[in-house]
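Take a look at the structure set out below.
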Amino acid sequence: MTVIDPETQPGTGWVPDADEVDDAEEMPLSLRLSIADTLTLGNATCGFMAVYFTTTGILIPHLTGSQESGMARNSAATAVILMLCAAVFDLFDGLVARKLRSSPMGAELDNLSDLISFGLAPAYFVLVYGMVADDAQQRVAAVGAIVVLLAVVLRLARFSCVTVKDGTFQGMPSPFGALTVVSIVLLELPFVATLMAILGTAWLMVSRVEYPKPRGRLAVAMLSWIVLSMGLLTSWAFDAPGGQLLLQTGCALQLVTGAVIPLFATARRVNNFRDNRREARAAQLP
């Protein structure tokens, strides 16, 4: 004969232990946000607000016939500063994740946030430039914006799938590429030169050129450069004496840095190839 314990029989008002309730109600590990994830979400927020200021401060006044150049300048500076803030968040979320911990969602959140801040925001900036600039061609600028967006999409997808040696990126990092794209626009070069420089930057993002990861002194140097860039944009936004010249100088330095790093990487690769050939020939000698 089977004996049924009344305390475990269904419908008898049995109440589970408190520990079992806690385990059932505990949030799944995959849904917990770490401190690094919070910084990543700050990255996405800055990218979205950059699109907002580009729309409300530059595009809408242009479409409505407003001639407030100061408002457009302030909005452009604000949008770029927000992209710089997104780059700061992107820099620190990786550092915090390495020091503390990252959630299982960390890598996915980082890619999605980077797509907003360093893909959509700069591509939209280029698109609006093509609509408001005097010598720009809207449809051609739209093609350039699409190329920038797709380059970031491909770069982020490849970053998730391809393993490279530690301490390097394959292709220009998307934050650096986004800042280079907006620097090209802010330089106010002729339209053809602007478009070619933007396409060249997009190519560098999907290329196999090696870029060093911002760690240690390089991270400090990058953070200092971002803070300096914010100061240049602020002086330009408030029409400070020499603000235009300072901004153009900073943008030119950004472009020069983006062009010099691939040259150094190519030269290093050539030297390594020559060294390997010399070692191979030396090994063949009796």
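Proximity of a side-chain donor or acceptor of S117 to a complementary backbone N or O of D114 within less than 3.5 Å is not detected. With N43 contributing its side chain and F89 its backbone, the two residues share no donor-acceptor pair below 3.5 Å. Looking only at distances, no side-chain donor or acceptor of T40 sits under 3.5 Å from a matching main-chain atom of D110.
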What side-chain donor-acceptor pairs closer than 3.5 Å can you find for residues 222-241, not counting sequence neighbours?
unit_1, atom_1, unit_2, atom_2, d
S224, OG, V220, O, 2.9
W225, NE1, Q254, OE1, 2.9
S229, OG, W225, O, 2.8
T234, OG1, M230, O, 2.8
S235, OG, G231, O, 3.4
S235, OG, L232, O, 2.7
W236, NE1, Q244, OE1, 2.7

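L112 belongs to no hydrophobic cluster with other residues, because no ILVMFWY side-chain heavy atom falls under 4.5 Å from its own, directly or through intermediates. Hydrophobic clustering, defined by side-chain heavy atoms of Ile, Leu, Val, Met, Phe, Trp and Tyr closer than 4.5 Å, groups M196 together with V192. I146 forms part of a hydrophobic cluster together with L150, judged by ILVMFWY side-chain heavy-atom separations under 4.5 Å. Other residues sharing the hydrophobic cluster of V206, ordered by chain and number and joined by side-chain separations under 4.5 Å: L154.
A side-chain contact (heavy atoms from CB on, under 4.5 Å) with Q248 is found for one member of L187, L186, L253 and no other, namely L187.
Legend: residues meeting side chain to side chain donor-acceptor pair (under 3.5 Å) with S183, ordered by chain and number and at least two apart, are absent.
Using a 30° and 60° split on the angle between ring planes, F169 and F159 fall in the tilted class, from 30° to 60°.
The hydrophobic clustering, which links ILVMFWY residues whose side-chain heavy atoms are closer than 4.5 Å, places M172 and F118 apart.
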